[in-house]
Amino acid sequence: MTTLDHTHDPSARSWLASANVPGTDFPIQNLPFSVLRSHGSNEAFRGAVAIGDQALDLAALSATGTIAGAAGEALKLAAQDTLNDFMAGGPGAWRALRHALFDALKEGAASQQAVRACLIPLVDVEYRLPTRIGDYTDFYTSIHHARNVGRVIRPEDPLTPNFQWLPVAYHGRSSSVVISGTNYHRPHGQAKLPGSSAPVYTACTRLDFELEMGFFIGPGNALGHPVPLAEAEQHIFGMCLLNDWSARDHQFWEMNPLGPFLGKNFCTSISPWVVTMDALAPFRLPFERPADEPQPLAYLDETHNRQSGSLDVQLTVNIESAQHRQQGLTPAEVSRTSFRHQYWTIAQMLTQHTVGGCNLQPGDLCGTGTISGPTPSEAGAIVELSQGGTRPITLAGTGEQRTFLEDGDAVILRGWCERTGAARIGFGECRGMVLPAIS
Ligand code: MN
């Protein structure tokens with residue numbers, strides 16, 4: 001479990017003025033990682049850290065030789081064209097580099113001039129996936145989402161009997177995980193619509209987003225060797241925003257009895273910046289389970305997880321329709337919630353994933369499942385917001401109505417952490433747009 005140190009001091013300031021602007025996602029207390037290059041260039045992709053409105057090019061920084069020792073070794077790993085090796089380095093390497101970068105970026109740093117030469121404006125970069133994602137697994141850990149969607153599929157018995165006993169998940173496709181800014185075509189598939197006797201082959205008519213967070217695996221575990229809950233977070237590098245786009249008509253027809261398949265595997269978007277568990281340390285909350293609900297089995301229960309296993313991350317979903325863009329209007333906010341409402345913690349998800357001996361590998365991606373809070377406006381999917389497509393929502397700005405997503409709709413996820421006594425940190429955004437089906 002991460003602890004607070006001088007890198008979390010809310011009064012710490014950077015010599016880079018934009019890092020000290022109130023409301024920035026990337027103050028010196030954050031230092032999230034990505035892989036990028038100058039936009040439209042043929043440069044090699046390399047690791048970077050966000051600071052204010054700039055990206056610190058870690059390959060350029062490594063070449064200056066200003067960071068030595070264990071942090072210098074970690075810097076070489078993080079400077080590569082994927083972050084897999086750096087994530088494999090484990091908490092010692094992550095913390096050594098965090099501390100060295102903090103020292104290099106803080107007000108009065110001796111190396112300021114050399115480090116400043118390694119900055120690239122964020123508006124001038126293009127990203128790619130931060131890791132080679134070997135495997136991608138998506139959990140299902142919001143009880144509010146499970147109940148809301150369960151009511152659409154099984155009105156008589158919305159919550160499945162296993163939900164309160166284990167973090168449910170399905171194995172997804174890593175090949176169709178894409179970086180924020182990637183647009184995709186509305187998928188085709190089989191759907192059996194209410195009232196019809198046979199399925200049809202059709203472009204999706206019930207296209208949805210899912211507001212989720214992702215977490216990246218650090219050091220993996222050997223096949224056959226489960227990770228105990230007390231050690232789970234040593235295997236988690238950090239978190240990002242994740243949109244698990246879903247074709248509800250295809251999904252609800254195909255998913256019995258083996259779970260999601262084509263309804264989920266056409267596109268999954270993630271934000272470019274991975275916020276480390278170290279940076280998230282000030283925003284931990286106790287994991288609580290009401291006394292009248294099933295308590296976790298012993299292997300999913302542990303003191304630190306009880307004390308601080310949950311995380312308070314504020315999240316919003318905005319829809320920007322073609323009309324919003326044409327008229328220059330602000331995208332419409334359609335949901336606002338927090339990650340703190342999840343029924344299971346990311347440590348419990350990781351332990352559950354490995355309990356049978358499944359091996360996780362550095363750079364693997366896990367999704368948390370849709371994040372829906374307790375009230376209707378906190379729902380993290382449009383199928384919930386529109387009550388299964390029966391009650392259209394109205395988009396602020398244009399007044400357009402939506403039961404599901406239309407062609408030209410861009411969905412923008414945002415996340416940030418904020419509390420008294422800590423510096424606000426953010427995740428940036430995760431964006432993707434629906435293009436018309438290919439006929
Ligand atoms: Mn999902």
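Please read these numbers as outputs of a predicted model, since none were measured by experiment.
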Aromatic rings [X] and [Y]: how do their planes relate, parallel, tilted or perpendicular, breaks at 30° and 60°?
{"X": "F139", "Y": "F215", "value": "parallel"}
{"X": "F237", "Y": "F86", "value": "perpendicular"}
{"X": "H353", "Y": "H171", "value": "tilted"}

Among side-chain atoms of [X] and [Y], is any donor-acceptor pair under 3.5 angstrom?
{"X": "Q54", "Y": "S18", "answer": "no"}
{"X": "Q361", "Y": "D135", "answer": "no"}
{"X": "T205", "Y": "D249", "answer": "yes"}
{"X": "K76", "Y": "S62", "answer": "no"}
{"X": "S38", "Y": "E43", "answer": "yes"}
{"X": "S176", "Y": "N265", "answer": "no"}
{"X": "Q307", "Y": "N305", "answer": "no"}
{"X": "E210", "Y": "T370", "answer": "yes"}
{"X": "N84", "Y": "T82", "answer": "yes"}
{"X": "E400", "Y": "T398", "answer": "yes"}

Checklist entry - Within 45 degrees of the axis of the six-membered ring of W253 and under 6.0 Å from its centre: does R248 put its NZ or CZ there? => result no
Checklist entry - Within 45° of the axis and under 6.0 Å from the centre of the six-membered ring of Y343, does NZ or CZ of R289 qualify? => result yes
SB check [X] [Y] (cutoff 4.0 Å):
{"X": "R46", "Y": "D81", "result": "no"}
{"X": "R306", "Y": "E288", "result": "no"}
{"X": "R284", "Y": "E233", "result": "yes"}
{"X": "R95", "Y": "D278", "result": "yes"}

Item to check | Test side chain to side chain donor-acceptor pair (under 3.5 Å) applied to E378 and H144, step by step | outcome: CA-CA 9 Å; E378 290 175 275; H144 307 291; over 6 Å; no
Checklist entry - Do the two ring centres, one from W245 and one from F209, sit under 6.0 Å apart? => result no
Checklist entry - Does H185 have its ring centroid less than 6.0 Å away from the ring centroid of F266? => result no
Next on the checklist: So, applying side chain to side chain contact (heavy atoms under 4.5 Å, CB included) with P167, which one of T345, T141, T368 is it?
Outcome noted: T141
Checklist entry - In this structure, which one of M239, R340, M213 forms a side chain to side chain contact (heavy atoms under 4.5 Å, CB included) with L311? => result M239
Counting only N and O atoms by type, is there a donor-acceptor contact under 3.5 Å from the side chain of [X] to the main-chain atoms of [Y]?
{"X": "S271", "Y": "E429", "value": "no"}
{"X": "T64", "Y": "L61", "value": "yes"}
{"X": "E384", "Y": "P376", "value": "no"}
{"X": "D407", "Y": "V434", "value": "no"}

Next on the checklist: So, taking the atom named CD in E73 and the one named CG in L97, what distance separates them when rounded to the nearest 0.5 Å?
Outcome noted: 11.5 Å
Item to check | Pairwise distance OG1(T394) to CZ(R402) - rounded to 0.5 angstrom | outcome: 10.5 Å
Next on the checklist: As a test of understanding, state which of F216, F427, W416, Y127 forms a ring-ring contact (aromatic ring centres under 6.0 Å, His included) with W273.
Outcome noted: Y127
Item to check | More than 12 heavy atoms of other groups within 6.0 Å of R132 CZ | outcome: no
Checklist entry - What's the verdict on side chain to side chain donor-acceptor pair (under 3.5 Å) for T160 and N162, showing C-alpha distance, side-chain angles and the deciding distance? => result CA-CA 6 Å; T160 54; N162 56 7; 2.7 Å; yes
